Amino acid sequence: MLHEIILELRHLDISRKALQKFGWLIGGIVTISASWFLFRSHSSHPEFWYAALGMGVLLLFGGTFFPESLPLLYRIWMGLAFIMGAFMSRIILTFVFFLLVTPIGVIMRLFGKDLLNIKPMDKASTFWIPKTDHDSSPVRLEKYY
């Protein structure tokens with residue numbers, strides 16, 4: 001997993017346009033969020049939101065005028081995003097499997113369904129299933145479904 005993240009970071013687009021987008025997007029989100037928390041909520045520690053507002057404005061300014069100064073921050077940000085994505089995708093897929101696929105399999109097994117046709121056939125000499133459609137015209141090859 002770490003090797004994949006390192007490869008992703010090596011192939012990361014750090015062009016001027018990508019760095020501008022990063023500065024504008026993250027700077028805009030941080031600036032809007034900090035402004036909202038400063039002016040809408042009555043926090044007992046507004047200095048945190050003032051610092052966040054300052055960082056957001058710096059990112060917006062840097063993304064607009066000096067995107068060349070953002071590659072290190074962009075790589076750190078994307079590294080964290082790749083790590084979080086790797087863990088979250090595994091967690092989400094695990095939940096989907098155990099909350100969706102497993103109950104369907106249990107219910108099908110309770111009702112005796114065998115969609116893969118893997119029940120042992122004691123009297124069969126082979127597991128070969130004979131082909132029933134003997135159409136060998138070229139038109140059949142145009143649509144496989």
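Here the structure is a predicted model, which is why all the values come from computation and not from measurement.
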Checklist line | ILVMFWY clustering at 4.5 Å (side-chain atoms), partners of Leu7 | finding: none
Item checked: Partners meeting ring-ring contact (aromatic ring centres under 6.0 Å, His included) with Phe37 (sequence neighbours left out) -> Trp49
Can you list, pair by pair, the side-chain donor-acceptor contacts under 3.5 Å of residues 78-106, counting residues two or more places apart and other chains?
| unit_1 | atom_1 | unit_2 | atom_2 | d |
| --- | --- | --- | --- | --- |
| Ser89 | OG | Gly85 | O | 3.0 |
| Ser89 | OG | Ala86 | O | 3.1 |
| Arg90 | NH1 | Ala86 | O | 3.0 |
| Thr94 | OG1 | Arg90 | O | 2.7 |
| Thr102 | OG1 | Phe97 | O | 3.1 |

Margin query: Within the 4.5 Å heavy-atom criterion, are Leu70 and Ile14 side-chain neighbours or not?
Written below: no
Item checked: ring-ring contact (aromatic ring centres under 6.0 Å, His included) involving Phe65 - partner list, sequence neighbours excluded -> Phe61
Notebook entry, point to check: Do Leu115 and Phe111 share a hydrophobic cluster (ILVMFWY, side-chain heavy atoms under 4.5 Å, transitive)?
Noted result: no
For residues 21-29, which side-chain N or O atoms pair as donor and acceptor with protein atoms under 3.5 Å away, sequence neighbours left out?
| unit_1 | atom_1 | unit_2 | atom_2 | d |
| --- | --- | --- | --- | --- |
| Trp24 | NE1 | Thr64 | OG1 | 2.9 |

Margin query: For a quick test of reading the model, state the closest non-hydrogen atom pair linking Ser35 to Leu53 and the distance between them.
Written below: OG-CD1, 3.3 Å
Notebook entry, point to check: Are Met55 and Ile32 connected in a single hydrophobic cluster, I mean Ile/Leu/Val/Met/Phe/Trp/Tyr linked by side-chain heavy atoms less than 4.5 Å apart?
Noted result: no
Next item on the list: Find the distance between CG (Leu72) and CH2 (Trp77) and round it off to the nearest 0.5 Å.
Entry: 14.0 Å
Next item on the list: Could you note down all residue pairs passing salt bridge (Lys or Arg N to Asp or Glu O under 4.0 Å) where residues 61-76 supplies at least one of them, sequence neighbours left out?
Entry: Arg16-Glu68
Note to self: Would you say Trp36 ends up clustered with Tyr50 if hydrophobic residues are merged whenever their side chains have heavy atoms under 4.5 Å apart, either directly or through other cluster members?
What the structure shows: yes
Check: When hydrophobic residues are tied together by side-chain contacts of less than 4.5 Å, even through go-betweens, does Leu12 share a cluster with Leu59?
Finding: yes
Next item on the list: Could you grab the distance from atom CG of Leu38 to atom CD of Glu47, nearest 0.5 Å is fine?
Entry: 10.0 Å
Notebook entry, point to check: If you take all heavy atoms of Gly63 and Gln20, which pair is closest and at what distance?
Noted result: O-CG, 3.0 Å
